[in-house]
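What you are looking at is a predicted structure, and each value in this text was computed from that prediction instead of being measured. When reading the values below, keep in mind they use all heavy atoms of this one structure, side chains included, and skip hydrogens, waters and symmetry mates.
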There are 2 protein chains.
Amino acid sequence: MTLQQLRFLSALFESDFNITAAAAKLGATQPAVSRQLALLERELGFTLFSRNGSAYSRVTPAGERVIEYARRVLREAQNIKDVSAEINDPRRGELRIGATHTEARYALPSVIQQFQASFPSVRFSLHQGTPEQIAEMARSNRIQLVMATDSDRLFSQFVRLPCYRWHGRILVAASHPLAGTTRPSVEQLSTYAIAEHLLEAPDASPLQEVFTRAGFEARVALTAQDAEIIKTYVRLGHGVGIIADAAVDAERDADLVSIDASHLFPAHTTWVGFMRGSVLRQYIYEFLSMLAPHLNGERVARAHSCATQAEIDTLFPVRGEDVISP
Amino acid sequence: MTLQQLRFLSALFESDFNITAAAAKLGATQPAVSRQLALLERELGFTLFSRNGSAYSRVTPAGERVIEYARRVLREAQNIKDVSAEINDPRRGELRIGATHTEARYALPSVIQQFQASFPSVRFSLHQGTPEQIAEMARSNRIQLVMATDSDRLFSQFVRLPCYRWHGRILVAASHPLAGTTRPSVEQLSTYAIAEHLLEAPDASPLQEVFTRAGFEARVALTAQDAEIIKTYVRLGHGVGIIADAAVDAERDADLVSIDASHLFPAHTTWVGFMRGSVLRQYIYEFLSMLAPHLNGERVARAHSCATQAEIDTLFPVRGEDVISP
DNA sequence: TACAGTTACGGACCGCGTAAGCATA
DNA sequence: TATGCTTACGCGGTCCGTAACTGTA
């Protein structure tokens, strides 16, 4: 068993069991990958993938376990390389972030700009995807930081730090009946079609829950990860939009009316995280402190050494809509 | 960076920085180890060990971090081998246990006998040591299971399962003034020299605490890991011994009087554990259920998947002196 | 025929052990 | 002089890429 074999194994898994693609990803030739995987299977004594004729089709139950541990091996090996890079040149490296749509679109751009000015030799990349996708990217070491809102469930192997909290805002066209109101009720909202800014799985919508509890039903006519789609819909006068307050741009959305909805919906927490046990380069600490002032080096380091998420949560208490920065 | 280099690195660390010894331990020659470590240092770009002339003396701070991650790599790689062994021959393998003196001496022998009868092809070995020593053995993968009493502090990276609970017993010679008493008080005890069965660090003695709280001082004249030493001392009539109840043998200690002391001292918990995230062979599950009936496969598997020790503790509630087996 | 994976072959490289060299007590 | 690590050297294995082969849609 060699690290190379485990790299091939992991790459094959991440390339939909296509050896040719996996080989290309690692800058190797296809026979090399094929041979090393055959050798690994022979050494382990059982098949890792089931063959569908000549093509590999899917992983066996045993293979799944092996891949899980293989990835752990590779992550720990990457940690060694990170320690080395940090010592040799702390200001040079890579920062790969995975984020869901809203964070990538509204929260990150200004921070990224600031970060790149401070660390011109750090190659920055941003990978937008669903929470499932970015969790998988982190597991395969393709990204170091993850940013998402809620969906904690998917990130149990992560150290999660609260970044900021926010409320939904109601967005309507200027001509809409609700345009002049403040503090609209659930009953009022329930008479209109709703365009909702999707956070996680559609079935886990906190919006539906709020309506149900008040004895009404939400008529959700549109859901989208991209708040701009919601705005377009609202501009057409088709109903009421509900989006993150960060997604409301005072200038470009001047034709729309946005109404505070903090009395209706619970606050969301946008957090940033990394895989438990992974090495954090110094510039990652810097990035986090740029992202939110309360994520300073000392507190992040303390969170990093916590064994459980519960301990971390006590380090970052929440008051009302804000994470408290002592 | 290769797995072999990490193995050499880890072995050197565990051989007191003696390359010759490390090479012998791994069945390699000394130049091979020397060269691979030099290559690794060159690849990483910094020294891992500080040289004291020609000999290696100690690890650098950076080296310490690298070793930490190198060991993790090796543990995860071992997990892959364990998965493989389990699939190829579930009844063949190794079971290496680290235990402190009392467990190795009194609790384990009968279980080991039973286990070896059921699994003749599993090579069993038992390694007795201080809690510090066995924790270090587990970190370097030399043992898979750990058994100890209290000293939780040293085993934060472990999954700990309560095995059984026990009280200290007072042991005196038949001619001793306390021989006829039941429920002796702290005041009575404080007039005699005490020989204490040592559990963890001498400064963390719960005995001293009990005495202090009652307003007395314990005159501890002897401490020992081996309860037999305490018995010898008591036989000489030199004072009062306090040992684990498991260490009292009805037949062989018939010349001594043992007195229940559960009213005086808090119960101790003897636990068994393994490193978090390690693969457990099927026969390890069997061993655990032989060790204590409440450690059945289903519950151990559940504990294994817990992320925190606190979760595990709720799986094994305690009532009085016993771990509850539902 | 196109596609995906395996087998065959020759070359480069790499890691090992033996043996000699070098520094420190 | 003994100990412990490093360098030199030659061998054997191993890994790789190119190329040819096999099996499947």
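- Here the OG atom belonging to A/S84 is positioned 10.5 Å from the CD atom belonging to A/Q78, to the nearest 0.5 angstrom.
- With respect to A/R51 and A/E41, a salt bridge is recorded, a charged nitrogen being found less than 4.0 Å from a carboxylate O.
- Electrostatic pairing of B/R75 and A/E76 does not count as a salt bridge here, judged by no charged N lying under 4.0 Å from a carboxylate O.
- Counting 5' to 3', DNA chain D first comes under 4.0 angstrom of a heavy atom of chain A and last does so at the ends given by D/dC15 to D/dT24.
- Between A/T20 and C/dC3, a side-chain N or O to OP1/OP2 separation shorter than 4.0 Å is absent.
- Using bins of under 30°, 30° to 60° and over 60° for the plane-to-plane angle, the ring pair A/F287/A/F124 lands in the tilted bin.
- Protein atom CG of A/L3 is 16 Å distant from nucleotide atom C1' of C/dC14, rounded to whole Å.
- Listed for the B/Q144 side chain is a donor-acceptor partner under 3.5 Å among the backbone atoms of B/E94.
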Produce the list of close N/O pairs, under 3.5 Å, pairing protein atoms with atoms of nucleotides 6-12 of chain C; give distances to one decimal.
residue, atom, partner, partner atom, Å
C/dT6, OP1, A/Y56, OH, 3.2
C/dT6, OP2, A/S34, OG, 2.1

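- For B/E136 and B/R71, the salt-bridge test passes: some basic side-chain N is under 4.0 Å from an acidic carboxylate O.
- For the pairing with B/L9, the side-chain contact (heavy atoms from CB on, under 4.5 Å) check across B/L37, B/V59, B/V33 returns one residue only, B/L37.
- Backbone-only contact: B/F17 has heavy atoms under 4.0 Å from sugar-phosphate atoms and none from a base.
- Contact check of residues 5-15 of chain A against DNA chain C (heavy atom, cut-off under 4.0 Å) returns no residues at all.
- The aromatic rings of A/F155 and A/W271 lie perpendicular to each other, with more than 60° between the two planes, well past the 30° mark.
- Rounded to the nearest 0.5 angstrom, B/L12 CG and B/Q36 CD are separated by 13.0 Å.
- Taking the six-membered ring wherever Trp is involved, the centroid distance between the rings of B/F17 and B/F49 falls below 6.0 Å.
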